[in-house]
Amino acid sequence: MDKFVIQGQRLLRGTLRVSGSKNTALPLMAAALLANGTTSIRNVPSLRDIKTFSYVLRISGAKVQHMPEDDRLEIDASAVDFPEAPYELVKKMRASFYMLGALLGRCGRARVSLPGGCAWGPRPVDLHLKGMEAFGATIELDGGYVIARTPRGGLPGGSFTMEPSSVGATVNLALAAVTARGVSRIENAAREPDVVEFCRTLQQMGAKIDGIGTTTLEIEGVDALEPVTVNNCPDRIELGTYMIAAALAGSREEPLRITGGNPAHLGEAFANAFKQTGTRVEANADGLLVHRPDTLQPVSITTGVYPGFPTDLQAQWTVLMTQADGPSSVRDTIYTDRFKHIPELNRMGVNARVEQNTVHIDGNQPVKAAQVMSTDLRASVSLVLAGLIAKGETHVLRVYHLDRGYESLERKLSDAGAQVRREAYDEFAAPDPQEV
Ligand code: UD1
């Protein structure tokens, strides 16, 4: 396994570049299955999740070629004839469940493994299944798999109201509905930028969708979609993570430049909270210049659906708030028990306590280096951020979680002045008896 070894308290200077969005690339890849031909997606990051989903697509018969040298992915979906997504892959990455909508839309049937739990608790897929049924699919559960079928002649379409709003269910239902026989309506649909970009791509492929960017999507089925060449948007969570890194560990003399991101995709709540910390952001044609303030103001946040504060940035925000000039809190209303990073941060001397769905954080805290364990993607990047400001050498174990969603993180941070290196280690090696 790999770990990151971080020498803390080195200031970030220069430039950090944001890669293509993971959470947009995945639905675009699923959409490619609906077109008989080759769809080309540009600005695709080289990440473990993209690799995993490429395997999933190949099982269905699609030919997938990733050209990391120019961030391009080509998906030839001329011969999609095996409508299955196996447990071995779905358990590795929940977004593989997008195969349910994609295969139902393309083949009229799908056998897709249920994803099961995730590192920070249960993540149900009930809305995906109820929505498919509302659109006229039959759903059966058998041996941990969902078996879905459209009636003869295709999916009739229908109306479905989501409660709560779900990114994944919106994507899955749209994938099934764009080639339905009739009209489908999704109420309380997600309008995260990932979903908006995905719906626009479906439109470019010939889908008929009204209400993109609102909470009501109306989709009139068409016979088939056409393959396209599409530019993936930048990763908004990577951008938010780097903005937090700049406010936390940037040089006060020289702003950190962040290129390639789209700040509008972070939503109003993040922008407002970030501003309230006293961190100044200048936008120019080149990207963003983030000026680390002399004193960081404490700002409490509550996560919400877009344009609310993204749940995928709450762990990073917690680390930022350890350096604020006073106490603050972080409340997650989307995933109410997504706090696996807190005990690890406690091991670094951070005083943060979880009460129900809220973390209470003391400000002005020195952070000390330690060996800490990654538990999931965003939790692990919060440990890296803590390592950047810690006194001493931090070891962040199991960085395979980070590799799912941050492209070349150690190289990007090192190029910007941090000291981060990747090292292989044997997690099950017996401890040195001298040290016990
Ligand atoms: C996506 C993102 C993930 C992000 C999350 C919330 C991808 C690949 N992943 O995950 O990074 O943290 O959005 O912004 O894009 N829910 C149900 N029933 C369902 C589906 C969801 O109750 O069938 C609930 C969830 O438990 C959660 C809320 O809806 O409380 C939102 O989850 P959802 O938007 O579906 O998250 P994902 O699409 O899995």
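Since this is a predicted model, take the numbers as computed values, not measurements. Whatever order the structure lists ligands and atoms in, that order sets their numbers, starting from 1. Hydrogens, waters and symmetry mates are skipped; everything else that's a heavy atom, side chains included, is used. Position 1 is the first residue of the sequence; numbering continues from there.
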Test item, [X] contacting ligand 1 (heavy atom, 4.0 angstrom):
X      : answer
Ala169 : no
His128 : yes
Val125 : yes
Ser165 : yes

Polar proximity ligand 1 side, [X] side, N/O cut 3.5 Å exclusive:
X      : value
Glu192 : no
Ala95  : no
Ser166 : yes
Asp126 : yes
Gly168 : yes
Leu26  : no
Pro164 : no

Self-check item: Heavy-atom proximity to atom 19 (C) of ligand 1, best of Pro27, Gly131, Pro124
Solution: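 The residue whose heavy atom sits nearest atom 19 (C) of ligand 1 is Pro124.
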Quiz item: Which of the listed options, Tyr98, Phe97, Tyr335, holds the heavy atom that is closest to atom 25 (C) of ligand 1?
Solution: Tyr335
Exam field: side chain [X] to backbone [Y], donor-acceptor pair closer than 3.5 Å:
X      : Y      : result
Asp332 : Tyr335 : yes
Gln203 : Ile209 : yes
Arg106 : Ala77  : yes
Ser374 : Leu397 : yes

Self-check item: Within reach of ligand 1, part of Arg338 (heavy-atom separation under 4.0 Å)
Solution: side chain
Quiz item: Under 4.0 Å from ligand 1, counting heavy atoms only, is it the side chain of Asp312, its backbone, both or neither?
Solution: side chain
Is any NZ, NE, NH1 or NH2 atom of the basic residue among [X] and [Y] found under 4.0 Å from an Asp or Glu carboxylate oxygen of the other?
X      : Y      : result
Asp312 : Lys22  : no
Glu355 : Arg353 : no
Glu140 : Arg149 : yes
Arg257 : Glu282 : no
Arg236 : Glu238 : no

Self-check item: Atoms in ligand 1 with a heavy atom of Thr311 nearer than 4.0 Å
Solution: 6 (C), 12 (O), 14 (O)
Quiz prompt | Ring centroid separation His128 to Phe97 under 6.0 Å | solution =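 Yes, ring centres under 6.0 Å apart.
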